[in-house]
Amino acid sequence: MESLGNIPEITRPVVLVGLMGAGKSTVGRRLARTLGLPFRDSDDAITEAAGCSISDIFEIYGEAIFRDLEERVMLRLLGEPVQVLATGGGSFANPRIREAVLGRAVAVWLKTDLEVLLERVSRRNTRPLLQQGDKRATLTRLMEERYPLYAEAHITVDSGAGTHADIVRSIVEALERREARHG
Ligand code: S3P
């Protein structure tokens, strides 16, 4: 448990958005422990629902089917009791998911620069969108397409600098400030 002062009372799901490699799952798990909330990862929920891995869904059924499944799973998860929810990088780019998250949850963008993302995604080669072509070029394109959308999140936290504990602390402080403003 992080040594934090006030832990704000969370009344809406806390949804982490951002590009692949931003640290959504790792930070999300730790944030959930700090807030005393359950943690869910939408990619894991999609894998459970489909009965196969994300790579297999892309390979066998194609990206459009994955996006459809992602939307259904995300809308279901948003209706569950309050929890911390880590999303796949493309989730918040879907306008229907984005609208639901912005209306029913608190969206937190883990903003990270390209070099940090590249370093992190190079450790695993399981992400279908990065398995072909140049990772730097793909991530640069996704940053251009998605950063304006991620910027609609209620809270933005720099997840490139500092430890996971620092990032969790920044999110909790931002949630506290939001709670103070919105009651
Ligand atoms: C994707 C990100 C992945 C996963 C899928 C597509 C994306 O999740 O949902 O491979 O479109 O950015 P992570 O962001 O957790 O890697």
Side-chain angles (χ1 to χ4, degrees), residues 1-5 7-8 10 12-50 53-55 57-58 66 70 73-74 77-78 80-94 97-98 101 105-131 135-136 138-140 142-143 146-147 149-151 153-176 178:
M1 181 77 69
E2 317 301 331
S3 56
L4 292 159
I7 304 294
I10 306 296
R12 289 168 165 236
V14 179
V15 177
L16 303 184
V17 306
L19 271 188
M20 297 173 271
K24 297 169 300 239
S25 303
T26 314
V27 168
R29 207 165 280 118
R30 201 164 174 147
L31 176 67
R33 264 205 311 276
T34 302
L35 296 173
L37 292 176
F39 170 74
R40 292 302 298 273
D41 184 306
S42 70
D43 279 346
D44 290 347
I46 294 168
T47 303
E48 280 163 32
S53 69
I54 303 284
S55 304
I57 303 172
F58 269 75
F66 170 78
E70 180 174 58
V73 165
M74 275 297 296
L77 291 173
L78 285 171
E80 289 185 358
V82 171
Q83 57 189 347
V84 175
L85 182 54
T87 63
S91 188
F92 202 64
N94 172 330
I97 297 179
R98 197 163 64 251
V101 170
V106 181
V108 180
W109 175 21
L110 298 189
K111 188 176 183 184
T112 316
D113 66 41
L114 181 61
E115 299 309 321
V116 175
L117 293 174
L118 267 172
E119 204 273 311
R120 294 200 190 135
V121 298
S122 302
R123 292 183 207 152
R124 277 194 301 144
N125 208 20
T126 53
R127 293 179 166 102
L129 293 183
L130 298 176
Q131 272 164 359
K135 290 187 173 57
R136 179 181 291 271
T138 304
L139 281 173
T140 303
L142 291 175
M143 283 173 99
R146 294 177 180 173
Y147 273 24
L149 306 174
Y150 294 151
H154 303 105
I155 291 169
T156 298
V157 165
D158 179 358
S159 83
T163 63
H164 287 139
D166 292 333
I167 299 164
V168 167
R169 190 171 304 114
S170 303
I171 298 173
V172 173
E173 283 167 6
L175 288 169
E176 251 168 37
R178 217 185 123 72

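Computation of the quantities below employed the complete heavy-atom set of this structure, encompassing side-chain atoms and omitting hydrogens, waters and symmetry-equivalent molecules.
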Would you check if the side chain of E80 reaches a backbone N or O of P13 as a donor-acceptor pair within less than 3.5 Å?
no

What are the two closest non-hydrogen atoms of A45 and L77, and how far apart are they?
CB-CD1, 4.0 Å

CZ-CZ distance between R30 and R169, expressed to the nearest 0.5 angstrom
9.0 Å

Going through the checks in order, is the side chain to side chain contact (heavy atoms under 4.5 Å, CB included) test met by V15 and T87?
CA-CA 7 Å; V15 177; T87 63; 3.5 Å; yes

Going through the distances and angles, do L85 and R40 end up as a side chain to side chain contact (heavy atoms under 4.5 Å, CB included)?
CA-CA 5 Å; L85 182 54; R40 292 302 298 273; 3.8 Å; yes

Could you pull out all donor-acceptor pairs under 3.5 Å where a side-chain atom in residues 112-120 meets a protein atom, sequence neighbours excluded?
| residue | atom | partner | partner atom | Å |
| --- | --- | --- | --- | --- |
| T112 | OG1 | S159 | OG | 2.6 |
| D113 | OD1 | E115 | N | 3.4 |
| D113 | OD1 | V116 | N | 3.3 |
| E115 | OE1 | R136 | NH2 | 3.2 |
| E115 | OE2 | R136 | NH1 | 2.9 |
| E119 | OE1 | R123 | NH2 | 2.9 |
| R120 | NH1 | G21 | O | 2.7 |
| R120 | NH1 | A22 | O | 3.3 |
| R120 | NH2 | S159 | O | 3.2 |

For the backbone of L110 and the side chain of Y150, can you confirm whether one donor and one acceptor N or O come within less than 3.5 Å of each other?
no

Shortest non-hydrogen separation from G88 to S42 and the atoms involved
N-OG, 3.3 Å

Euclidean distance, I171 CD1 relative to W109 CH2, rounded to 0.5 Å:
13.5 Å

State, to 0.1 Å, how close L31 and V84 come at their nearest heavy-atom pair, and which atoms those are.
CD2-CG1, 4.1 Å

Taking H164 for the side chain and V27 for the main chain, is one N or O donor matched with an acceptor at less than 3.5 Å?
no

Strictly by modelled atom types, are T47 and D44 linked by a side-chain donor-acceptor pair under 3.5 Å?
no

How many angstroms lie between atom OG1 of T138 and atom CE of M143, to the nearest 0.5 angstrom?
13.0 Å

Set of residues satisfying salt bridge (charged side-chain N to carboxylate O under 4.0 Å, His left out) with respect to R29, sequence neighbours excluded
none

For R178 and V106, indicate whether the former's side chain and the latter's backbone hold a donor-acceptor pair under 3.5 Å.
no

Any chance you could measure R98, atom CZ, to M74, atom CE, to the nearest 0.5 Å?
12.0 Å

How long is the span from the CG atom in L129 to the NZ atom in K135, to the nearest 0.5 Å?
11.5 Å

D43 meets the side-chain contact (heavy atoms from CB on, under 4.5 Å) criterion, sequence neighbours left out, with D41, I46, I54, F66

Search all heavy atoms of G90 against all heavy atoms of E70 and return the closest pair with its distance.
C-OE1, 4.1 Å

Has Q131 got a side-chain atom pairing as donor or acceptor with N125's backbone, closer than 3.5 angstrom?
yes

What's the separation between atom CG in L175 and atom CZ in R12, rounded to the nearest 0.5 Å?
12.0 Å

Between A50 and I57 the two heavy atoms that sit nearest each other are CB-CD1, 3.7 Å

Kindly give the heavy-atom pair with the smallest separation between F39 and S25, and that separation in Å.
CZ-O, 3.7 Å

V168 and R33: side chain to side chain contact (heavy atoms under 4.5 Å, CB included), yes or no, with the steps?
CA-CA 10 Å; V168 167; R33 264 205 311 276; over 6 Å; no

Between M20 and L142, is a side chain to side chain contact (heavy atoms under 4.5 Å, CB included) present by the stated rule, with each step listed?
CA-CA 10 Å; M20 297 173 271; L142 291 175; 3.5 Å; yes

